[in-house]
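Note that ligands are numbered from 1 as they come in the structure, with each ligand's atoms numbered from 1 the same way. Along the sequence shown, residues carry numbers from 1.
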Amino acid sequence: MRMKGKRVVITGGARSIGRACAERFAEEGANVAILDVLVDRGEAAAGEIAEKYGVVCRFYECDVGTKVAVDSSIDHVIKDFGGIDVLFSNAGITRRADFLDLTEEDWDDVIRVNLKSMFLVGQKVARHMAEQGEGGAIINMSSSSVRMTMPTIAPYAASKGGISALTTAMSLSLAPHGIRVNAVGPGTIYTELNKDNLLKDVEKRREVLSRIPLMRFGEGRDVANVVLFLASEDANYITGETLYIDGGRSGLNYTLPVEEK
Ligand SMILES: NC(=O)c1ccc[n+]([C@@H]2O[C@H](COP(=O)([O-])OP(=O)(O)OC[C@H]3O[C@@H](n4cnc5c(N)ncnc54)[C@H](O)[C@@H]3O)[C@@H](O)[C@H]2O)c1
């Protein structure tokens with residue numbers, strides 16, 4: 001129960017990685033606020049987590065790229081939970097198109113939801129934490145795309161690179177308040193979207209696996225364990241870092257034989 005009584009905000013927590021993290025924090029005794037645009041999924045997740053782990057878990061409908069929505073949701077969380085100790089800014093989207101075909105709308109959508117949201121939610125929560133005077137931990141969701149990317153996800157890669165840079169800047173600004181700020185950069189995580197699209201095709205699965213030394217895709221729980229560590233007292237002397245959770249992928253400069261059927 002490493003997080004007993006801690007008040008944790010998770011954006012994009014209605015499904016996939018965000019939901020796995022909400023569960024992991026609840027499993028360790030935290031009370032969790034989920035902010036997301038998916039109302040049905042978010043309410044269902046909050047209800048199931050509260051019942052399963054006996055903690056407070058509430059859903060707040062919030063578009064994290066819109067300042068008025070962020071300010072209002074975070075004010076509600078502070079009122080309902082009595083404060084915030086941990087923020088995991090996880091919500092993110094992608095728009096796939098070759099660089100030559102990208103539209104301004106693609107660019108703006110991704111930068112708004114992925115990068116601007118980290119500023120909006122991060123600043124709102126950090127101001128509260130600074131005022132609260134008890135320190136805190138903020139974890140931003142980056143990606144292994146910062147280190148190696150593809151031609152079809154330029155705005156996504158740019159947003160994630162921006163998140164890692166923002167994380168360092170935030171960590172410097174917030175250190176005097178005892179607020180640590182770090183980021184996580186997952187490789188390929190086996191979420192429901194990946195299962196249904198990218199990784200459904202056997203050849204594609206093999207291609208991706210041939211570049212992962214640990215020879216398996218990541219699970220939501222692999223990410224959740226690292227986010228939990230960064231939020232915990234065990235990481236008390238770590239701030240401004242991006243930790244990559246990619247099964248060794250970013251160090252590999254060749255492909256591996258895959259035996260998976
Ligand atoms: N799945 C992977 O392999 C992988 C790898 C590296 C990084 N990531 C990052 O992890 C995060 C979660 O990705 P996922 O794979 O779980 O995807 P996902 O699409 O299943 O989850 C993203 C969540 O964010 C929510 N969201 C989207 N736009 C929002 C908005 N404007 N306001 C509030 N919530 C919003 C979605 O409704 C969803 O619940 C993303 O930031 C993604 O870039 C994922």
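- With salt bridges taken as basic N to acidic carboxylate O contacts below 4.0 Å, none links Arg41 and Asp36.
- Using a distance-only test at 3.5 Å, with no hydrogens or angles considered, no donor-acceptor pair links the side chain of Asp109 to the main chain of Asp106.
- Not counting sequence neighbours, the partners of Asn225 by the side chain to side chain contact (heavy atoms under 4.5 Å, CB included) test are Arg24, Arg221.
- Across Ile10, Val113, Val110, heavy-atom proximity to atom 28 (N) of ligand 1 is greatest for Val113.
- Between Ser142 and ligand 1, not a single N/O pair is under 3.5 Å apart.
- Backbone and side-chain nitrogen or oxygen atoms of Pro186 are examined, and none is located within less than 3.5 angstrom of a nitrogen or oxygen of ligand 1.
- Set against the non-hydrogen atoms of Val37, the atoms of ligand 1 under 4.0 Å away are 29 (C), 30 (C), 32 (N), 33 (C), 34 (N), 35 (C), 37 (O).
- When non-hydrogen atoms are compared, ligand 1 lies under 4.0 Å from the side chain of Asn194 (C-beta onward) but not from its backbone.
- Against a heavy-atom cut-off of under 4.0 Å, Ile93 is close to the following atoms of ligand 1: 27 (C), 28 (N).
- The ring-ring contact (aromatic ring centres under 6.0 Å, His included) analysis of residues 169-196, with sequence neighbours excluded, yields the pairs Tyr190-Phe217.
- The closest approach between any non-hydrogen atom of Tyr156 and ligand 1 is below 4.0 Å.
- Neither the backbone nor the side chain of Asn114 comes within 4.0 Å of ligand 1, counting heavy atoms alone.
- Here the shortest heavy-atom distance to atom 4 (C) of ligand 1, taken over Gly218, Cys21, Gly220, Gly187, belongs to Gly187.
- Residue Ser143 places no N or O, backbone or side chain, under 3.5 Å from any N or O of ligand 1.
- At a 4.0 Å heavy-atom cut-off, ligand 1 touches Asp63 through backbone and side chain alike.
- Between the side chains of Ser142 and Thr242, no donor-acceptor pair of N or O atoms lies under 3.5 Å.
- For Glu192, the closest heavy-atom approach to ligand 1 does not fall below 4.0 Å.
- An N or O contact shorter than 3.5 Å is missing between Ser144 and ligand 1 by distance.
- The shortest distance between side-chain heavy atoms of Met148 and Arg249 falls below 4.5 Å.
- Comparing Val64, Ile17, Leu38 against atom 32 (N) of ligand 1, the shortest heavy-atom distance belongs to Val64.
- Of all the heavy atoms of Thr188, the ones lying under 4.0 Å from any atom of ligand 1 belong exclusively to the backbone.
- Among Gly92, Ala45, Ser16, the residue whose heavy atom lies closest to atom 22 (C) of ligand 1 is Gly92.
- With distances taken over non-hydrogen atoms, the option nearest atom 33 (C) of ligand 1 out of Gly12, Gly65, Cys62 is Cys62.
- Proximity of a side-chain donor or acceptor of Lys160 to a complementary backbone N or O of Met141 within less than 3.5 Å is detected.
- The shortest side-chain heavy-atom distance between Ile138 and Met129 falls under the 4.5 Å cut-off.
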